[in-house]
**Student:** 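Structure provided below as structure tokens; questions to follow.
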Number of protein chains: 2
Amino acid sequence: MAPKKSPRPSARDRILAAASQLFYQEGVQNVGIDRIIAESGVAKMSLYNHFKSKDALIAAYLQQRDETWGKQFQEKVEGLATEPREQLLVIFDVLQDWFKEPAFRGCAFMNAAIELADREHPGTQVSLRHHQLIYDYILDRVRAAEFPHPEVLAQQLMILVDGAIMVAFMDQQPEAAQRAKQAASALIAATSISAASISATSTTATSTLQ
Amino acid sequence: MAPKKSPRPSARDRILAAASQLFYQEGVQNVGIDRIIAESGVAKMSLYNHFKSKDALIAAYLQQRDETWGKQFQEKVEGLATEPREQLLVIFDVLQDWFKEPAFRGCAFMNAAIELADREHPGTQVSLRHHQLIYDYILDRVRAAEFPHPEVLAQQLMILVDGAIMVAFMDQQPEAAQRAKQAASALIAATSISAASISATSTTATSTLQ
DNA sequence: TTGACAATAGACAGATCTGTCTATTAGTTT
DNA sequence: AAACTAATAGACAGATCTGTCTATTGTCAA
């Protein structure tokens, strides 16, 4: 389907490439169709022949990013560690590499969900699904590592991932990844040692304080 | 300065109230000036007499929210706990109450920073400063509780706060606050027991895996 | 009462944005 | 060569948005 020898990518691919660049860098609401056709060197009608509206293009951009970004992320993690327990930790090393990129501007999916401000928007739907997929990926590894209460630990790690992204973005602090990794390490250690007692303690503290 | 007995707030206050509502609920870029003047029942010229541009209004909205929201948050935390160590934990209880509000739509400051996509925008500047203030608040308490490596723990707690907000928003899951609280509890416990060894362990793991 | 000032309604200009239409050109297949 | 398809440039309509201008009304103090 994709052209193999053509020196120039298809119109559709060029549109998606330009949209991906601009939408991520400046936000889906801050980039107009005209910018995208100028950047991709494509006629406006070509864009509207491939995507029926800007909203559809936004959804396609996120869909494509979900696939390529998710696959790359997974490959990097699995290239750094084989054991599920280690994989959960190297996630944060992969994150840090990402945070260090000059073009890093937070999570494209969170950004889109916030910008679109409409849970029914197709772009938001893709973003929410992506968020779930990341959670599933973490949960799979927590289960494989046979930690007790896998959902609890997976949710905590998910919070660390999202939090690291936001801190790295807001404070321009790639080291947030290492802070999150240390925290993840401590959580995993605490869970391994005595999940029941830790959980009980914090639950008690919770109800007491609330 | 603010009218005390007048049944109707001043034009400026009504503008800020309407802007606050709409900007937070739908995003600063998705709400036009016309919506705000309609909602506040104010003439367009009144708005531009009080704020020299929409960007200035956005900055004022965030500035005002920084003050009122920050103060309320602080009061709630301090109403629930007096000891710094406890205060660090009840932060997450206060967060959960917030997450449960039907109008909850994430952090107004992160949202604005993402939407504006320009670190030089006055609204972004207010947002970044707000983020720093929250960090300082946490750091103060970590220091007061005399934990070792206060910056490390404070950054980790900050990551948990931001992460809880994003997970609560994306997955519409107010319970993220309790997951984060449990994690905070475990981190604090780990730090108290043996900060040096934990830190050394995770650092070793890090360099090994990287 | 009069004068100063603030607020009002609404028209308006100018910019920008999405999406459509048209007429033309290039490339591929039969 | 002919026919079909895909892409092009760019004008255009229609909507929306920010910010300005004007002419009028209300309010309060001197």
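Computation of the quantities below employed the complete heavy-atom set of this structure, encompassing side-chain atoms and omitting hydrogens, waters and symmetry-equivalent molecules. Chain letters run A, B, ... following the sequence lines, proteins first and then strands; every chain starts at 1.
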**Student:** Which residues pass the ring-ring contact (aromatic ring centres under 6.0 Å, His included) test with A:Tyr135, not counting sequence neighbours?
**Tutor:** none

**Student:** Excluding sequence neighbours, so at least two apart, what forms ring-ring contact (aromatic ring centres under 6.0 Å, His included) with A:Phe73?
**Tutor:** A:Trp69

**Student:** In whole Å, what is the span from the CG atom of B:Leu57 to the C1' atom of D:dC17?
**Tutor:**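 Between C1' of D:dC17 and CG of B:Leu57: 14 Å.
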
**Student:** Of the residues in residues 115-127 of chain A, which ones touch DNA chain C at a heavy-atom distance under 4.0 Å?
**Tutor:**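 Residues of residues 115-127 of chain A that come under 4.0 Å of DNA chain C do not exist, since none gets that close.
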
**Student:** Not counting sequence neighbours, list each pair that qualifies as a salt bridge (Lys or Arg N to Asp or Glu O under 4.0 Å) and has a residue in residues 19-32 of chain B.
**Tutor:**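 Qualifying pairs, neighbours excluded: B:Glu26-B:Arg35.
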
**Student:** How would you list all residue pairs meeting side-chain hydrogen bond (donor to acceptor under 3.5 Å, both in side chains) that involve residues 155-165 of chain B, not counting sequence neighbours?
**Tutor:** B:His131-B:Asp162

**Student:** Once you round to the nearest 0.5 Å, how far does CG of B:Asp97 lie from NZ of B:Lys76?
**Tutor:** 7.0 Å

**Student:** Specify the residues of residues 32-40 of chain A, ordered by number, for which at least one heavy atom lies under 4.0 angstrom from an atom of DNA chain C.
**Tutor:**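 A:Gly32, A:Ile33, A:Asp34 - these, ordered by number, are the residues of the stretch whose heavy atoms sit under 4.0 Å from the strand.
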
**Student:** Can you give one letter per nucleotide of nucleotides 5-10 of chain D, going 5' to 3': B for a protein heavy atom under 4.0 Å from the base, S for sugar-phosphate only, - for none?
**Tutor:** --SBB-

**Student:** Over how many whole Å does the gap from B:Lys52 atom NZ to D:dT20 atom P extend?
**Tutor:**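 Rounded to whole Å, this separation is 11 Å.
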
**Student:** I need the CG-P distance between B:Leu47 and D:dG19, as an integer number of Å.
**Tutor:** 10 Å

**Student:** Check the distance between C:dT16's C1' and B:Gln29's CD and give it to me in whole angstrom.
**Tutor:**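 Rounding to the nearest Å, CD of B:Gln29 and C1' of C:dT16 are 13 Å apart.
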
**Student:** Extract all donor-acceptor atom pairs below 3.5 Å that involve side chains of residues 121-128 of chain A and protein atoms in other chains or at least two apart in sequence.
**Tutor:**
unit_1	atom_1	unit_2	atom_2	d
A:His121	ND1	A:Gly123	N	2.8
A:His121	NE2	A:Asp55	OD1	2.9
A:Thr124	OG1	A:Asp118	O	2.8
A:Gln125	NE2	A:Arg119	O	2.9
A:Ser127	OG	A:Phe109	O	3.3
A:Ser127	OG	A:Gly123	O	3.1

**Student:** According to the ring-ring contact (aromatic ring centres under 6.0 Å, His included) rule, which pairs have a member within residues 26-62 of chain B, sequence neighbours left out?
**Tutor:** B:Phe23-B:Tyr61

**Student:** Taking salt bridge (Lys or Arg N to Asp or Glu O under 4.0 Å) as the test, write out the residues that go with B:Glu78, two or more places apart.
**Tutor:** B:Arg141

**Student:** Report the residues that fulfil salt bridge (Lys or Arg N to Asp or Glu O under 4.0 Å) with A:Glu175, sequence neighbours left out, ordered by chain and then residue number.
**Tutor:**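 Result, salt bridge (Lys or Arg N to Asp or Glu O under 4.0 Å) vs A:Glu175: none returned.
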
**Student:** Can you measure A:Lys54 atom NZ to D:dT16 atom P for me and round it to whole angstrom units?
**Tutor:**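 Rounded to the whole Å, the gap is 15 Å.
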
**Student:** Listed by chain and number, what are the side-chain contact (heavy atoms from CB on, under 4.5 Å) partners of B:Arg85, not counting sequence neighbours?
**Tutor:** B:Ala145, B:Phe147, B:Ile188, B:Ser192

**Student:** Using distance alone, with no hydrogens and no angle criterion, decide if A:Gln87 and A:Glu83 have a side-chain donor and acceptor under 3.5 Å apart.
**Tutor:** no

**Student:** Using whole Å, report how far CG of B:Asn30 lies from P of C:dC17.
**Tutor:**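 Between P of C:dC17 and CG of B:Asn30: 15 Å.
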
